[in-house]
Structures are given as C-alpha cells and as structure tokens.
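Counting starts at 1 for both ligands and their atoms, following the listed order. It should be emphasised that the depicted structure is a prediction, and the values quoted were computed from it without experimental measurement.
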Amino acid sequence: MLLEVRDLHVEFRTRDGVAKAVNGVNYSVDEGETLAVLGESGSGKSVTAQAVMGILDTPPGKITGGEILFRGKDLLKFKEDERRKVRGAEMAMIFQDALSSLNPVLSVGDQLGEMFIVHRGMSRKDARTKAVELMDRVRIPGAAQRVRDYPHQFSGGMRQRIMIAMALALEPALIIADEPTTALDVTVQAQVMDLLAELQRELHMGLILITHDLGVVADVADKIAVMYAGRIVESAPVHDIYKAPAHPYTRGLLDSIPRLDQKGQELYAIKGLPPNLMHIPPGCAFNPRCPMAQDVCRTDEPELYEVDQHRGSACHFWRECLNG
Ligand SMILES: Nc1ncnc2c1ncn2[C@@H]1O[C@H](COP(=O)(O)OP(=O)(O)OP(=O)(O)O)[C@@H](O)[C@H]1O
Ligand SMILES: [Mg+2]
C-alpha cells in the first residue's frame, strides 16, 4: 500500500478549548488509485491531509494518535529533514487557491525551475527546459513564450494548471488535491479535473481528491471516504456508494446533488449543522441530524461496521439504510 492512515487523531488546542478535528481516521490509497474524500465544511478533510503532508499548523494543532504509513514507514516517526525530502519528491499537494500558493514576484518558469535546481541540482538552463516541458504537459498554450510570465498574467484555470505542474514536477508517487477546482468557473473546473485525472493515470500516481462535489467523484474516483466530525462514516468503492449508500449521512449528501431530471424541484439539504468540534455529541456524532436515529444512536458510538470486504459504515442501522 502506498499510503495508509491508521487511527489518526488531531486536536487543536485553543484559548476557547480543545477542538477534536480528527477522531480516528483510517484510509488508504495505492499507486494508480484515486480516493475521494467527501464531507461538509469542518469535517476534518484538510486537517487529515495536512497531517499526511506534514504541514499541520502546530501549535495549535497536535497529532495525538495514530500512524501515517507511507510505503510501510510511519512518517510520524521521521525527523523534520527526512520529512521534508518526502514532501515534494514523493508526495505533493495541490491547493484550492493557486494565486496565494504561487509566488507573485517570480515568473512561473523560475518557480517551476526552482524545484529542479533545489531537489535535483540542475543548472538554471536545464531547469528552464524542464519548466517548459511541464507547462506543455499541463497544456498551457505557448509554454515556451509564457515561461517568463508571472502568476497574475494567467487566468484562474491556467494558474491551477501551473499548480498541478508544480506538484507533478518531481513525479511524486502521491498527490493530494484539496478542492483543486472549487475556485474556478464550472466549465474550467471540468477541464482541470480531466487533466488531473489523465495525468494521474498516465503517471500511475496515488491521488487523494478532497471535494464537496459528488458529481466529479463518480467520474474520477475508485473509492470514497465520507467524513463527518473528524471520522470516516462510510468508505466504499465508488459505484457501490452511488447504487446504495450504507450511511444516512452519505444518503443525505447524495440527495443534495442537483439532478437534471428534477430541474425546478427544491433541492434536498441535510437539516441542521455539523457539530461543534469542542462538544461532539455522544453516541453517533450525526444523530441530531439523522432521520433514522434511534435511542442507541444517542448513547453508543458506532464502530466502522464491515458491510462487505471493501466497504464499511459507521451506522448502527447500515442494513436498513442499504435497503433504502
Ligand atoms: N489552524 C487551525 N486552528 C484551530 N482550529 C483549526 C485549524 N485548522 C482547522 N481547525 C479545526 O479543524 C476543523 C476541521 O478543519 P478542516 O480544515 O479539516 O475542515 P474541512 O473538512 O477541510 O472543511 P472545508 O470543506 O471547509 O475545507 C475546523 O472546523 C476547525 O475546528
Ligand atoms: Mg478543507
């Protein structure tokens, strides 16, 4: 297995109290595989990714338990300089906001080239050649001319392609893309997503795709992990989930996707709000919002039950949910 996150716990210790942002997350992704991570705002998707990348804001963040195995080795036991080598060369992250992630005063060619100069000890000239190759690869028209341009001279979609190019530069085995297209226009979103999916296949990378967009997931992901209040509530191969969710929260997410055949109808929304992470309700964290909740849901925290060999659901009533 390329990456295996085991029982990860992350807290944020702030003046107001302790926010339990990640509460025992397990997920894995193999070479050439795409894992989509879904869940509402604040469910811990980014924090988990930051822990994997080793870029968690510490303090106030703190990893209080678990393992992050990369090719079988626990990254949490690495020293910072070993960790830095893994980052960039073996795993890279693509963020939502390209403009604030790119350096405004360096040409994109210099920024891309920097990766090769620093990590591969290349000459400035060779690094420039590599930069143009990368820009070609992410299909930036006229790469050889545009290599001298600055980030603000590119459109949002083109900037996001440059971010992808940066992430791919050292041909990492794992890419984590955190809402990579959220800031873009809808048509551009699809192009950037297609490009990312294509490069992922071509380079046989593992991809963790964090997204709100269940529509995108069906096309590109192999499997899905649904997060709620810092836990995985359902994990399954992508097609199983669309056929029949095994958790009421997943069902709620699916029912909130706009559908062409139901145009004009009011869109379903899961009622209520995600819990305050300083006061996660006892039992199942989703119980106050769950249409299927029974007494047991308010007292007993469900484990991730094995629905089948490839599938888990943290719902006491996963059978009922599966049967609609
Ligand atoms: N720097 C921080 N300081 C304090 N608390 C934080 C910090 N970063 C995250 N948190 C806490 O962790 C929770 C989970 O944050 P995270 O960014 O992982 O959410 P997310 O699932 O990525 O949401 P979104 O879809 O909005 O990006 C937040 O609700 C917040 O309580
Ligand atoms: Mg996030």
What protein heavy atom lies closest to [atom]? Include the residue and the distance to one decimal.
| atom | result |
| --- | --- |
| atom 31 (O) of ligand 1 | Leu277 CD1, 3.7 Å |
| atom 27 (O) of ligand 1 | Ser46 OG, 3.9 Å |
| atom 1 (N) of ligand 1 | Asp57 OD2, 3.4 Å |
| atom 15 (O) of ligand 1 | Val47 CG2, 3.6 Å |
| atom 12 (O) of ligand 1 | Ala21 CB, 3.3 Å |
| atom 4 (C) of ligand 1 | Phe12 CD2, 3.5 Å |
| atom 26 (O) of ligand 1 | Ser41 OG, 2.5 Å |
| atom 14 (C) of ligand 1 | Gly42 O, 3.5 Å |

Report task. Sequence neighbours left out, what passes side chain to side chain donor-acceptor pair (under 3.5 Å) with Glu82? Give chain and number order. Result ->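 Listed in chain order: nothing, the list is empty.
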Can I get a per-line list of side-chain donor-acceptor pairs under 3.5 Å for residues 137-144, giving both atom names and the distance, sequence neighbours left out?
unit_1, atom_1, unit_2, atom_2, d
Arg137, NH2, Glu202, OE2, 3.2
Arg139, NH2, Glu198, OE2, 2.6

Report task. Give the numbers and elements of all ligand 1 atoms closer than 4.0 Å to a heavy atom of Pro60. Result ->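 Under 4.0 Å from Pro60, ligand 1 has these atoms: 3 (N).
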Query - Atom indices of ligand 1, in the order listed, that fall short of 4.0 Å to a heavy atom of Glu179 - result: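 Answer for ligand 1: 25 (O).
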Query raised in the report: Please walk me through it: do Arg298 and Asp295 pass salt bridge (charged side-chain N to carboxylate O under 4.0 Å, His left out)?
Result: CA-CA 5 Å; Arg298 290 179 265 273; Asp295 286 343; 3.3 Å; yes
Query - ligand 1 contact on Ser43 by region, counting heavy-atom pairs under 4.0 Å - result: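 Near ligand 1, Ser43 shows its backbone as well as its side chain.
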Query raised in the report: Where does Met227 meet ligand 1, judged by heavy-atom distances below 4.0 Å: at the side chain, the backbone, both, or neither?
Result: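 Contact part for Met227 vs ligand 1: neither.
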Report task. Using a cut-off of 6.0 Å, state whether more than 12 heavy atoms not belonging to Lys20 lie near its atom NZ. Result ->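 At most 12 heavy atoms, drawn from other residues, nucleotides or ligands, come within 6.0 Å of this atom.
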Query raised in the report: Met91 versus Leu75: any side-chain heavy-atom pair under 4.5 Å?
Result: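 Of all side-chain heavy-atom pairs linking Leu75 with Met91, at least one is under 4.5 Å.
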Requested in this report: Looking only at non-hydrogen atoms, find the nearest pair between Leu253 and Ile270 and report the distance.
Outcome: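 Between these two residues, the closest heavy atoms are N-CD1, 3.8 Å.
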Query raised in the report: Of all heavy-atom pairs between Leu277 and Ala21, which one has the smallest distance, and what is that distance?
Result: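 Where Leu277 meets Ala21 most closely, the heavy atoms are CD1-CA, 4.1 Å.
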Report task. Work out how many protein N, O or S atoms lie closer to the Mg ion (ligand 2) than 2.8 Å. Result ->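 Step by step: take the Mg ion (ligand 2), keep protein N, O, S below 2.8 Å, and you get 1.
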**Report entry** Test applied, side chain to side chain contact (heavy atoms under 4.5 Å, CB included); reference residue, Asp149; option that passes from His152, Gln145, Arg146
**Finding:**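 Per the side chain to side chain contact (heavy atoms under 4.5 Å, CB included) rule, the option paired with Asp149 is Arg146, out of His152, Gln145, Arg146.
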Requested in this report: Establish whether Leu195 and Phe154 are linked, either directly or via other cluster members, by ILVMFWY side-chain heavy-atom contacts under 4.5 Å.
Outcome: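 Cluster IDs for Leu195 and Phe154 match.
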Query raised in the report: Do ligand 1 and Lys45 have nitrogen or oxygen atoms that lie under 3.5 Å from each other?
Result: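 N/O-N/O distance below 3.5 Å exists for this pair.
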Query - Donor + acceptor pair across side chains of His310, Asp308 (<3.5 Å) - result: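 The answer is no; no qualifying pair exists.
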**Report entry** N/O donor-acceptor pair under 3.5 Å between Asn26 side chain and Asp7 backbone
**Finding:**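 Judged by distance alone, yes, a pair lies under 3.5 Å.
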Report task. Only pairs at least two apart or in different chains count here, so list each ring-ring contact (aromatic ring centres under 6.0 Å, His included) that has a residue in residues 229-256. Result ->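 The answer is Tyr228-Tyr249, Tyr249-Phe286.
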Query - Intermediate values then yes/no, salt bridge (charged side-chain N to carboxylate O under 4.0 Å, His left out), Asp110 and Arg148 - result: CA-CA 8 Å; Asp110 283 343; Arg148 283 181 192 79; over 6 Å; no
Query raised in the report: Is the shortest distance from a heavy atom of Gly44 to ligand 1 less than 4.0 Å?
Result: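 Yes, that is the case, since the closest heavy atom of the residue is under 4.0 Å from the ligand.
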